[in-house]
A.B. asks: 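Below you'll find the structure I mean.
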Amino acid sequence: MAKRLSLVNGPNLNLLGTRETEVYGSLTLDKIVADTSAEAKSHGFDLDAFQSNIEGELVEAIHRASASDGLIVNPAAYTHTSIAIRDAIAAIDTPTVEVHLSNIYKRESFRHQSYVSQVCLGVIGGFGPQGYMLAVQALARHLKPAK
Ligand code: DQA
């Protein structure tokens, strides 16, 4: 059976392509998901992608990712507020990479705290959509360590 990665994107990321393009770039979420899916395929993984603007739906998507081999999550603004999303990641036994398009540490101070980093394998930020590809590569390496 093919190995599986889950990709979960949080609020306002459905507006990528038109939203604050000077911060987030001009690629749409559909394009980013297609590129991430192709990157995952090249490493032998199927990708399940989910986006929601609703915190509880993100929590449930993270629960479903317990059936996946790895999880890539960009909780967007909930990164800085959501203990529920942090606890959902902690509750599943799936290695998780936190991704941000922007470098949150170069931005407003309220973005400097992430509730989720502590329960993630690692964090990638500041590289735009390429961060999702880097997350796939990191998980592929983590799940299949070089002999
Ligand atoms: C973001 C950074 C968050 O601070 C912000 O609320 C987002 C997107 C990013 O990908 O850079 O919506 O997660």
Side-chain angles (χ1 to χ4, degrees), residues 3-43 45-143:
K3 287 189 168 272
R4 181 167 295 276
L5 297 181
S6 292
L7 170 61
V8 173
N9 280 294
N12 302 306
L13 294 172
N14 56 312
L15 298 181
L16 288 176
T18 55
R19 172 195 183 202
E20 297 182 86
T21 52
E22 65 293 352
V23 179
Y24 299 117
S26 55
L27 291 192
T28 62
L29 184 60
D30 279 354
K31 171 71 174 140
I32 292 173
V33 168
D35 290 349
T36 309
S37 188
E39 182 71 23
K41 262 264 157 353
S42 78
H43 289 276
F45 294 92
D46 289 335
L47 185 84
D48 284 331
F50 180 80
Q51 188 276 332
S52 177
N53 297 320
I54 299 167
E55 187 176 16
E57 289 187 358
L58 295 166
V59 167
E60 288 179 352
I62 291 165
H63 293 172
R64 290 195 294 278
S66 65
S68 288
D69 300 287
L71 168 64
I72 299 166
V73 64
N74 182 349
Y78 287 134
T79 305
H80 319 298
T81 64
S82 179
I83 298 170
I85 288 178
R86 181 228 183 265
D87 284 355
I89 297 168
I92 62 170
D93 206 16
T94 304
T96 300
V97 176
E98 176 185 353
V99 170
H100 301 285
L101 294 154
S102 62
N103 178 351
I104 57 176
Y105 300 103
K106 255 174 119 172
R107 301 184 63 195
E108 303 95 325
S109 56
F110 63 81
R111 296 186 203 276
H112 296 177
Q113 179 180 4
S114 166
Y115 279 96
V116 305
S117 299
Q118 210 182 25
V119 291
C120 288
L121 192 60
V123 184
I124 298 169
F127 298 104
Q130 194 202 348
Y132 292 94
M133 314 308 136
L134 297 172
V136 169
Q137 291 162 22
L139 281 170
R141 175 67 68 91
H142 176 79
L143 293 165

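Remember, it's 1-based here, ligands and their atoms both numbered in the order they're listed.
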A.B. asks: Will you find, in the side chains of Asn9 and Tyr132, an N or O donor that is under 3.5 Å from an N or O acceptor?
C.D. replies: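 Checked: Asn9/Tyr132 side chains pair up, N/O donor to acceptor below 3.5 Å.
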A.B. asks: Which residue and non-hydrogen atom of the protein lie closest to atom 12 (O) of ligand 1, and at what distance in Å?
C.D. replies: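 Looking at atom 12 (O) of ligand 1, the protein heavy atom closest to it is Arg19 NH2, 3.0 Å.
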A.B. asks: List the closest protein heavy-atom neighbour of atom 11 (O) of ligand 1: residue, atom name, distance to the nearest 0.1 Å.
C.D. replies: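 For atom 11 (O) of ligand 1, the nearest protein heavy atom comes out as Ser102 OG, 2.6 Å.
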A.B. asks: Test your reading of the model: is there a side-chain donor-acceptor pair from Asn74 to the backbone of His100, 3.5 Å cut-off?
C.D. replies: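 Absent.
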A.B. asks: Do any N or O atoms from the side chain of Asp46 and from the backbone of Arg4 form a donor-acceptor pair under 3.5 angstrom?
C.D. replies: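 Looks like no, no N/O pair under 3.5 Å.
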A.B. asks: Please check: side-chain N/O of Thr94 versus main-chain N/O of Ala65, any donor-acceptor pairing under 3.5 Å?
C.D. replies: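 Such a contact is found between Thr94 side chain and Ala65 backbone.
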A.B. asks: Go through ligand 1 atom by atom and flag the ones less than 4.0 Å from a non-hydrogen atom of Asn74.
C.D. replies: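 In order of number, 9 (C), 10 (O), 13 (O).
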A.B. asks: Tell me: protein heavy atom nearest atom 7 (C) of ligand 1, and distance?
C.D. replies: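 Answer, as residue, atom name and distance: Tyr24 OH, 3.4 Å.
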A.B. asks: Considering non-hydrogen atoms of the protein only, which is the closest contact for atom 9 (C) of ligand 1, and what is the distance?
C.D. replies: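 The answer is Leu101 N, 3.3 Å.
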A.B. asks: Measuring from the heavy atoms of Thr79, does anything fall under 4.0 Å of ligand 1?
C.D. replies: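 No heavy atom of Thr79 comes that close to ligand 1.
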A.B. asks: Who's the nearest protein heavy-atom neighbour of atom 1 (C) of ligand 1, and how far?
C.D. replies: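 Ranking protein heavy atoms by distance from atom 1 (C) of ligand 1, first comes His100 ND1, 3.7 Å.
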A.B. asks: Atom 5 (C) of ligand 1: which protein heavy atom is closest, and how many Å away?
C.D. replies: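 Heavy-atom neighbour on the protein nearest atom 5 (C) of ligand 1: Arg111 NH1, 3.3 Å.
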A.B. asks: Indicate the ring-plane relationship of His112 and Tyr105, choosing parallel, tilted or perpendicular according to the 30° and 60° boundaries.
C.D. replies: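 Ring orientation of His112 relative to Tyr105: tilted.
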A.B. asks: Counting each atom of ligand 1 from 1 as listed, which ones have a heavy atom of His80 under 4.0 Å away?
C.D. replies: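 Near His80, the atoms of ligand 1 are 3 (C), 4 (O).
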